[in-house]
K.L.:
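Structure in structure tokens, see below.
Side-chain atoms are counted along with the backbone in the values below, which use heavy atoms only and exclude waters and symmetry mates. Everything quoted here is computed from the prediction, not taken from an experiment.
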Amino acid sequence: MKKFTLSLVGGILIGFIFSFVFWDYQGSTYEILNQAGIDRTVSEMDFDFVFKASLLSLVSAILIYLLWNFFDKKKHEKFVEEFNRNKKSNN
């Protein structure tokens, strides 16, 4: 559970940092003048950016999790090989 949570947090951080660096966030803003006697400014969110950033974060989290599992498995296999080698040499 710890590995999953840390890879998810790491993926979100890396994904959003890369998103801001590589993709330009372009929120749109427009003004409504004199609607019912009030001037308003409306700001909208760039949903393409949010979608791409979410996908990049998800892919980053999955990649971190898979790499972490791969290295843990390799470390475990190396430990088992050394253990068996030492066991044979002691007999």
K.L.:
Are the side chains of Arg40 and Leu33 in contact, using a 4.5 Å heavy-atom criterion?
P.N.:
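A side-chain contact is absent here, since even the closest heavy-atom pair is not under 4.5 Å.
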
K.L.:
Give the ring-plane orientation class for Phe49 versus Phe20, where under 30° counts as parallel, over 60° as perpendicular and anything between as tilted.
P.N.:
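Rings of Phe49 and Phe20: tilted, 30 to 60°.
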
K.L.:
Looking at Ser7 and Phe4, would you say the former's side chain and the latter's main chain have a donor-acceptor pair under 3.5 Å?
P.N.:
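Answer holds: yes.
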
K.L.:
Rounded to the nearest 0.5 Å, how far does CD1 of Ile64 lie from OG of Ser60?
P.N.:
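These two atoms lie 6.0 Å from each other.
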
K.L.:
Measure the CG-CZ distance between Leu67 and Phe70 for me, rounded to the nearest 0.5 Å.
P.N.:
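Taking CG in Leu67 and CZ in Phe70, the distance rounds to 8.5 Å.
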
K.L.:
Indicate if Phe16 and Val59 have the same hydrophobic cluster label, given that clusters are the connected sets of ILVMFWY residues with side-chain heavy-atom separations under 4.5 angstrom.
P.N.:
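Unlinked, Phe16 and Val59 end up in two clusters.
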
K.L.:
Same cluster or not: are Val21 and Val50 linked, directly or through other Ile, Leu, Val, Met, Phe, Trp or Tyr residues, by side-chain heavy atoms under 4.5 angstrom apart?
P.N.:
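Yes.
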
K.L.:
Taking atom CH2 of Trp68 and atom CG of Leu63, what is their separation to the nearest 0.5 Å?
P.N.:
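With rounding to 0.5 Å, CH2 (Trp68) is 13.5 Å from CG (Leu63).
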
K.L.:
Tell me whether Leu58 shares a hydrophobic cluster with Phe47, the cluster being built from Ile, Leu, Val, Met, Phe, Trp, Tyr side chains joined at under 4.5 Å.
P.N.:
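The answer is no; the residues belong to distinct hydrophobic clusters.
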
K.L.:
Could you identify which residues cluster with Phe51, counting Ile, Leu, Val, Met, Phe, Trp and Tyr as linked when any side-chain heavy atoms lie under 4.5 Å apart, either directly or through a chain of such contacts?
P.N.:
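ILVMFWY cluster around Phe51 also holds Leu55.
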
K.L.:
Which heavy-atom pair separates Leu56 from Ser19 by the least distance, and what is that distance?
P.N.:
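So the two residues come closest at CD2-OG, 3.6 Å.
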
